[in-house]
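Convention: sequence-line order gives letters A, B, ...; per-chain numbering from 1. These numbers come from the heavy atoms of this one structure, side chains and all, not from hydrogens, waters or symmetry mates. All values reported here derive from a predicted model rather than from experimental measurement.
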Protein chains: 2
Amino acid sequence: MKPTIYDVAEKSGVSIATVSKVINNTGRISKSTREKVTQIMNELQYQPSIIASALTGKITFTFGMIIPDLANPFFAEIARAVEDRAHELGFSMIICSTDNSLDKELKYTSLLLNKNVDGIILATGRDHERDSSLHEIISKKVPVVLIAREMPALAIDTVLVDDYLGGLQATAHLIEQGHQRIAVIAEYENIMSSRERVRGYKAALSNAGIPFDESMIVNCGHSIDDGKQSMRSLIQSGNPPTAIFACNDIIAIGAIQAARELEVKVPDHMSVIGFDNTVMATLIAPQLTTIAQPIKEMGRYAADLLISEIKGTKSAKQRIVLLPELVVRQSTGEPQIAK
Amino acid sequence: MKPTIYDVAEKSGVSIATVSKVINNTGRISKSTREKVTQIMNELQYQPSIIASALTGKITFTFGMIIPDLANPFFAEIARAVEDRAHELGFSMIICSTDNSLDKELKYTSLLLNKNVDGIILATGRDHERDSSLHEIISKKVPVVLIAREMPALAIDTVLVDDYLGGLQATAHLIEQGHQRIAVIAEYENIMSSRERVRGYKAALSNAGIPFDESMIVNCGHSIDDGKQSMRSLIQSGNPPTAIFACNDIIAIGAIQAARELEVKVPDHMSVIGFDNTVMATLIAPQLTTIAQPIKEMGRYAADLLISEIKGTKSAKQRIVLLPELVVRQSTGEPQIAK
DNA sequence: GTGAAAGCGCTAACAC
DNA sequence: GTGTTAGCGCTTTCAC
């Protein structure tokens, strides 16, 4: 059987309190007994039970990560970044994919809370607190950080990229290449980051003195197929744009595929720019010009925020806004017909 | 504060033992007290602490999943499949990415064991028990299942695809298209599945009466770049093949990229077939012909095996071998120069 | 049918 | 410096 603190105490000829003290480096103990106990622990290969200590000491060194879909490369990459930092700090991560279903989000949240996780990193949820499990988490005073999402009305630790700036950069890049008629394919409107990117798009247009055309905004879901369909309708419309700003790489890839199917060449006939810079951006042909989110850093910051919140070494809530970066590849270029 | 079993007992006017019995549906209790207690539990929004019950009742409803890399779409998809089934059965999953480092594998294994996980699903590890954390897991009698890996010398629950058959199917498809000179880009030799795929390749060659040429086997790592480099050397060799069997989609994608850079057209000048059928296969142009692993099923079976092992509702160890399936897309075709 | 009581493995006063 | 002891929230005999 797995040795317990009692076994160590007995074999060392001390009390369990003493053993506990050497484990946790608390109280005062003589060098000699510390050495003795340490030696016995090694001998027995003793490992304190995290479960038992969680029942008293409070923390489980485990947190939950709630994302829309682990099979989505963007979130998988984020999760990996968070995981790495968490492991460095001695924490484990329970993962939950919600498929953006509020039901699942609520269910997983209370599941996690029951398991006494020390905190939760949330990457899902709509704009409003009402539409998320945040209310429950906050009311139980469990540390939480939002990643790649925001909830402006609440004081919550948040790490995200400046979506407005990203949208502006993307659009400005297109304009610089000489495009005037630029469409944007955006995700649901009730997602803040999507709205912000569109806002950046409009700002870039306005900066360049290009009038905004409502019909140049297409909303869609978040699958490749959604991107494909949106692109199709854009191409087949009477007056297609010469460039597309897709609000994320997945949609951009769908758009490129649709273009290929309809024999519209990218970037010769139409430029496409994405957002996120996941691995996928380099897989597709032509390789995707996109706005890079610093995924590694985001994951790291999120883990750091959560864990310092857990350990109580932090007071004020923070909002860390990282800067996106334009990565030029092959899917954008000058419009064929100069105007 | 979170209500405990004591709060429920007090409010219901019964003992904690009785409450425990209604929670777990054990022992005998009258309908009326059961109803009463249930009602109070709802009222208080009582949720039993899994931590506390784990300290006695033994199981934590949590297991570990050890994979090489969460950011690798193949493993992310597997993890997602496992996660879904686990959640259906009331379990949570702690994820650990090892980057194929034995050190990390060992570290994470003992971490998980300390956290009293009920079991572990392992997707990493070399061929030999010595080179994996299996020894520790097994010696502690913790349920374990291997997914997409095997350890033939040990009696362990395993879920995998018939790699030999997959290799054979891939190669046979190429032969059917008229190829004679077929190279294979394989992962490290110390990985069983890779060796099996190569064995299938040889069998297909032999079935077709095509002599085996040692120089047609290239070994490499598991990144896109590794695939790229291998492809480059193959193309630039004096006598390049007309078709490539890449042992996984990632390598295949690297190969296609290298071909594109060297202006070798796929599939006109060279056919490429992959293995796994991850999302990536449909992203790349030309879309990748590949051997599909039934990822969803694999994940589901692995979770089922592990959990029935945990619950003790299973006796004999099983080895579930699923069948791969050829998915023809656009990266394979007839060789340009008929022989 | 129900409850008292003894743990599960550990932490944290507090006493010596 | 070290040990005693009272929990943490729950399960599980074993009486009644």
Q: Given that B:L55 and A:N24 both sit by DNA chain C, which one's nearest nucleotide is further toward the 5' end?
A: B:L55
Q: If you pin A:T18 and A:Y6 to their nearest nucleotides in DNA chain D, which one's is more 5'?
A: A:T18
Q: Quick check: do B:D157 and B:R319 have side-chain heavy atoms less than 4.5 Å from each other?
A: no
Q: Could you tell me whether A:S53 contacts a base, only the sugar-phosphate backbone, or nothing, with contacts defined as non-hydrogen atoms closer than 4.0 Å?
A: sugar-phosphate
Q: Expressed in angstrom and rounded to an integer, what is the separation of B:F61 atom CZ from D:dC10 atom P?
A: 14 Å
Q: So, is A:S30 close to the D:dT2 phosphate, meaning a side-chain N or O under 4.0 Å from OP1 or OP2?
A: yes
Q: Round to the nearest Å and state the distance from A:K115 atom NZ to D:dC10 atom P.
A: 15 Å
Q: Taking B:S97's backbone N and O only, do any of them form a donor-acceptor pair with A:E83's side chain (distance below 3.5 Å, no angle check)?
A: yes
Q: For A:K2 and A:T26, take the nucleotide of DNA chain C holding the closest heavy atom to each; which residue's nucleotide lies nearer the 5' end?
A: A:K2
Q: Relative to the 5' end of DNA chain D, which residue comes earlier, A:I16 or A:K31, by the nucleotide with the nearest heavy atom?
A: A:K31
Q: Which part of the nucleic acid, if any, lies within reach of A:I51 when heavy atoms closer than 4.0 Å are counted: base, sugar-phosphate only, or nothing?
A: nothing
Q: Does any donor atom in the side chain of B:T158 or B:E150 lie under 3.5 Å from an acceptor atom in the other side chain?
A: no
Q: Would A:Q293 and A:D276 count as a side chain to side chain donor-acceptor pair (under 3.5 Å) here? Give the steps.
A: CA-CA 5 Å; A:Q293 300 208 44; A:D276 286 349; 2.8 Å; yes
Q: Atom NZ of A:K21 and atom C1' of D:dT4: how far apart are they, to the nearest Å?
A: 10 Å
Q: Ignoring backbone atoms, establish whether A:S15 has a side-chain N or O less than 4.0 Å from OP1 or OP2 of D:dG3.
A: yes
Q: Going through the checks in order, is the side chain to side chain donor-acceptor pair (under 3.5 Å) test met by A:E105 and A:T124?
A: CA-CA 8 Å; A:E105 185 179 323; A:T124 62; 3.0 Å; yes
Q: Among B:V37, B:I40, B:V14, find the one that has a side chain to side chain contact (heavy atoms under 4.5 Å, CB included) with B:V22.
A: B:V37
Q: Can you tell me the distance, in whole Å, between the CG atom of B:D7 and the P atom of D:dC10?
A: 9 Å
Q: Check for a donor-acceptor pair, side chain of A:D118 on one end and backbone N or O of A:T60 on the other, with a separation under 3.5 Å.
A: yes
Q: Go through DNA chain C in 5' to 3' direction and return only the first and the last nucleotide with some atom under 4.0 Å of chain B's heavy atoms.
A: C:dG1 to C:dG9
